[in-house]
Protein chains: 2
Amino acid sequence: MRSLTEIIESHIIDLLGRNEEDVVSLRRKELAEQFGCVPSQINYVLRSRFTPERGYLVESQRGGHGYIKILKICYDMPEEKVRHVEDLVGDSITEQGAKRLLLSLQSRNIIDARERLLIEVALRHIDDVGESTFDVSPYKRNVLQADLLKRMLRSLVFS
Amino acid sequence: MRSLTEIIESHIIDLLGRNEEDVVSLRRKELAEQFGCVPSQINYVLRSRFTPERGYLVESQRGGHGYIKILKICYDMPEEKVRHVEDLVGDSITEQGAKRLLLSLQSRNIIDARERLLIEVALRHIDDVGESTFDVSPYKRNVLQADLLKRMLRSLVFS
DNA sequence: AGTTTTTTGGTCAAAAATAGTCAATAAGAC
DNA sequence: GTCTTATTGACTATTTTTGACCAAAAAACT
């Protein structure tokens with residue numbers, strides 16, 4: 001038996017697919033009624049399934065005319081390519097290695113210059129924080145960077 | 001169904017767009033009559049939608065020939081834009097605050113959806129690492145997030 | 001010039017409508 | 001059996017809408 005969470009997840013994905021746009025707008029209460037659950041179940045589904053790491057952005061507003069919007073930032077890339085990229089990153093990566101990889105992704109138009117810059121800045125930040133605030137060893141910092149790099153690339157690539 | 005506030009907001013944005021200038025002048029009472037609401041609804045729209053955070057300034061005057069003027073701020077120099085954005089982030093920012101800011105920056109075409117996604121992933125990563133690997137207090141995690149966010153946005157403004 | 005009246009806009013708080021959080025359980029996976 | 005994931009519900013937070021009352025500027029009238 002599929003869990004309620006999975007059922008609601010597929011329902012939302014279905015709505016997204018049916019729509020021309022990569023966005024769907026919901027009322028939390030209505031959806032909860034439709035599936036006979038408490039409203040906070042919807043939050044659980046969103047938190048666990050529609051994360052940025054999986055390529056989704058969620059916007060919501062409380063109060064009168066409140067809503068929940070789910071956006072799919074959708075870019076198609078073959079699964080094998082994703083795996084390839086993750087293999088290239090590995091469990092640990094140096095700053096130089098990361099830069100080389102990002103340049104290569106940019107040259108293949110998988111990311112653009114601004115996206116590369118954003119990723120480099122984030123990697124640099126985690127390295128700085130690791131070094132100066134938490135006194136993490138260089139190797140462990142490279143592990144943190146690899147983890148972040150994979151997450152960021154996966155979010156862009158997930159389809 | 002869109003809220004009254006949104007309808008009035010779009011009307012004002014429409015007026016601004018139609019006008020050559022980056023400014024539009026209104027009578028509060030007339031506008032309220034036009035939309036069949038109480039005058040203070042207009043103040044609510046201004047307070048919640050035409051904020052400096054969203055790139056607007058509002059001036060008004062009471063009495064005979066009173067008016068409300070709405071100006072769109074434009075920054076020609078990159079440095080001004082950076083200062084503005086860094087002010088918006090501040091020294092500490094919550095996940096919710098960051099999401100709201102990023103959405104507003106996207107609506108102002110300062111970032112696009114993919115960039116927003118990348119930034120959210122990076123913010124979540126630093127928060128996760130702060131919490132589970134380094135056991136940092138929630139407040140300190142918000143400081144780390146603000147720092148990262150400022151760095152990422154700064155890099156984009158100059159590119 | 002000074003005072004009063006009229007014409008504007010501002011503030012604040014209440015009520016209604018939504019959504020979010022958190023922690024306790026329950027169920028499922030290994 | 002322990003660990004992770006899912007479900008629930010009580011409590012909290014935010015947003016919109018409305019209206020009563022306040023404040024300022026101009027106009028009208030001494």
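Lettering of chains follows the sequences in order, A, B, ..., and the numbering in each one begins at 1. Below, all heavy atoms of this structure are taken into account, side chains as well, without hydrogens, waters or symmetry copies.
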Between [atom2] on [N] and [atom1] on [X], what's the gap in Å once rounded to a whole number?
{"X": "A/Y44", "N": "D/dT4", "atom1": "OH", "atom2": "C1'", "value": "9 Å"}
{"X": "B/R47", "N": "D/dT18", "atom1": "CZ", "atom2": "P", "value": "14 Å"}
{"X": "A/Q61", "N": "D/dA13", "atom1": "CD", "atom2": "C1'", "value": "13 Å"}
{"X": "A/R62", "N": "C/dT21", "atom1": "CZ", "atom2": "P", "value": "6 Å"}
{"X": "B/N43", "N": "D/dC22", "atom1": "CG", "atom2": "P", "value": "17 Å"}
{"X": "B/R28", "N": "C/dG9", "atom1": "CZ", "atom2": "P", "value": "6 Å"}
{"X": "A/K29", "N": "C/dA17", "atom1": "NZ", "atom2": "C1'", "value": "8 Å"}
{"X": "B/Q96", "N": "D/dT12", "atom1": "CD", "atom2": "P", "value": "17 Å"}

For B/Y75, is the NZ or CZ atom of B/K81 found under 6.0 angstrom from the centre of its six-membered ring and inside 45 degrees of the ring axis?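 No, B/K81 does not sit over the ring of B/Y75.
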Nucleic acid contacts of residues 133-144 of chain B, taken as heavy-atom distances under 4.0 Å to DNA chain C: none
Counting the atoms with a prime plus P, OP1 and OP2 as sugar-phosphate, which does [X] contact under 4.0 Å by heavy atoms, base, sugar-phosphate, or nothing?
{"X": "B/I42", "answer": "nothing"}
{"X": "A/S40", "answer": "base"}
{"X": "A/R2", "answer": "nothing"}
{"X": "A/G66", "answer": "sugar-phosphate"}
{"X": "A/Q41", "answer": "base"}

Out of C/dG9, D/dT17, D/dG9, which has the shortest distance to the side chain of B/L4? D/dT17
salt_bridge([X], [Y]) N-O dist < 4.0 Å:
{"X": "B/R124", "Y": "B/D128", "answer": "no"}
{"X": "B/K150", "Y": "B/D87", "answer": "no"}
{"X": "B/E131", "Y": "B/K140", "answer": "no"}
{"X": "B/K99", "Y": "B/E95", "answer": "no"}
{"X": "B/R116", "Y": "A/E59", "answer": "yes"}

For C/dT18 and A/S60 - does any side-chain N or O of the residue sit under 4.0 Å from the phosphate oxygens OP1/OP2?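 Indeed not, no polar side-chain atom of A/S60 lies that close.
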I'd like to know if B/R27 reaches the base of C/dG9 with its side chain, counting only an N/O donor and acceptor under 3.5 Å.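 For B/R27, whose side chain was compared with the base of C/dG9, there is no donor-acceptor pair (under 3.5 Å).
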By nearest nucleotide on DNA chain D, pick out whichever of B/H65 and B/R49 is the more 5' one.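 Nearer the 5' end of the strand: B/R49.
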Pick one: which of A/D135, A/D127, A/D147 meets salt bridge (charged side-chain N to carboxylate O under 4.0 Å, His left out) with A/R141? A/D127
